[in-house]
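All of these numbers come straight from a predicted model, not from anything done at the bench.
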Amino acid sequence: MPLAAERQALAGEKDTFMNPDRTELEWTYDPPDLFEVPYRHSDTEVELVFDGGKALATLKTPTTSVSADLEERVKMLVESILLVRQLQVHRT
């Protein structure tokens with residue numbers, strides 16, 4: 001999957017869900033079987049789960065408004081993980 005197509009898909013398929021317990025950002029990616037099993041990644045701001053064509057980011061600090069800066073940082077992390085995985089499994 002080329003980077004440009006990946007960015008376009010990520011940019012166009014993001015949803016934000018908020019409730020009192022957590023804030024989630026969700027993107028779709030293709031192909032959905034890029035990861036054979038659910039892949040998890042955690043850092044100081046977010047926990048990510050990649051599974052079945054969806055990347056779900058749960059913010060560690062719930063908020064009712066996600067800043068554009070934070071959203072962009074999470075998106076870049078998602079894209080980076082997807083690019084590494086593409087290299088690992090030799091898929092484009």
Side-chain angles (χ1 to χ4, degrees):
M1 166 175 45
L3 177 59
E6 178 179 294
R7 284 194 174 144
Q8 182 180 19
L10 286 171
E13 298 292 333
K14 189 242 350 139
D15 290 315
T16 304
F17 305 99
M18 290 178 263
N19 69 42
D21 297 327
R22 65 180 176 255
T23 304
E24 296 178 336
L25 300 159
E26 183 179 277
W27 291 269
T28 60
Y29 60 87
D30 191 55
D33 64 346
L34 189 61
F35 297 91
E36 296 161 359
V37 297
Y39 175 78
R40 298 178 186 278
H41 175 83
S42 182
D43 71 13
T44 58
E45 295 180 307
V46 66
E47 295 198 20
L48 291 169
V49 177
F50 294 81
D51 188 25
K54 291 190 179 189
L56 180 65
T58 304
L59 301 182
K60 290 191 175 177
T61 304
T63 181
T64 56
S65 176
V66 179
S67 72
D69 181 54
L70 175 58
E71 184 175 329
E72 184 63 24
R73 286 194 312 269
V74 174
K75 179 182 171 190
M76 290 177 70
L77 178 60
V78 167
E79 289 176 346
S80 297
I81 291 170
L82 290 172
L83 284 173
V84 169
R85 184 62 183 161
Q86 288 174 352
L87 290 172
Q88 289 174 332
V89 297
H90 307 288
R91 288 174 90 174
T92 58

query: Any donor and acceptor pair, going by atom type alone, linking the side chain of T28 with main-chain N or O of G53 inside 3.5 Å?
result: no
query: Same cluster for V78 and Y39 if Ile/Leu/Val/Met/Phe/Trp/Tyr side chains link at under 4.5 Å?
result: yes
message: Let me check something: do L25 and M76 share a hydrophobic cluster, defined by ILVMFWY side-chain heavy atoms less than 4.5 Å apart, either directly or through other members?
response: no
Are [X] and [Y] close enough that some pair of their side-chain heavy atoms sits under 4.5 Å apart?
X   : Y   : value
F50 : L34 : no
L59 : V66 : yes
I81 : Y29 : no

- line: By side chain to side chain donor-acceptor pair (under 3.5 Å), K60 pairs with (sequence neighbours left out) S42
query: In chain order, what residues pass the side chain to side chain donor-acceptor pair (under 3.5 Å) check against E36, with sequence neighbours excluded?
result: none
message: Walk me through whether W27 and V74 qualify under side-chain contact (heavy atoms from CB on, under 4.5 Å).
response: CA-CA 11 Å; W27 291 269; V74 174; 3.6 Å; yes
- prompt: Checking side-chain contact (heavy atoms from CB on, under 4.5 Å) for the pair V46/T58: CA distance, chi angles, key distance, verdict?
  reply: CA-CA 6 Å; V46 66; T58 304; 5.7 Å; no
Could you grab the distance from atom [atom1] of [X] to atom [atom2] of [Y], nearest 0.5 Å is fine?
X   : Y   : atom1 : atom2 : value
R22 : T61 : CZ    : OG1   : 15.0 Å
L82 : D30 : CG    : CG    : 10.5 Å
L77 : K75 : CG    : NZ    : 13.0 Å

message: As a test of understanding, state which of L48, D51, V49 forms a side chain to side chain contact (heavy atoms under 4.5 Å, CB included) with R40.
response: V49
task: Run the salt-bridge test on R73 and E71 with the 4.0 Å N-O cut-off and return the result as yes or no.
output: no
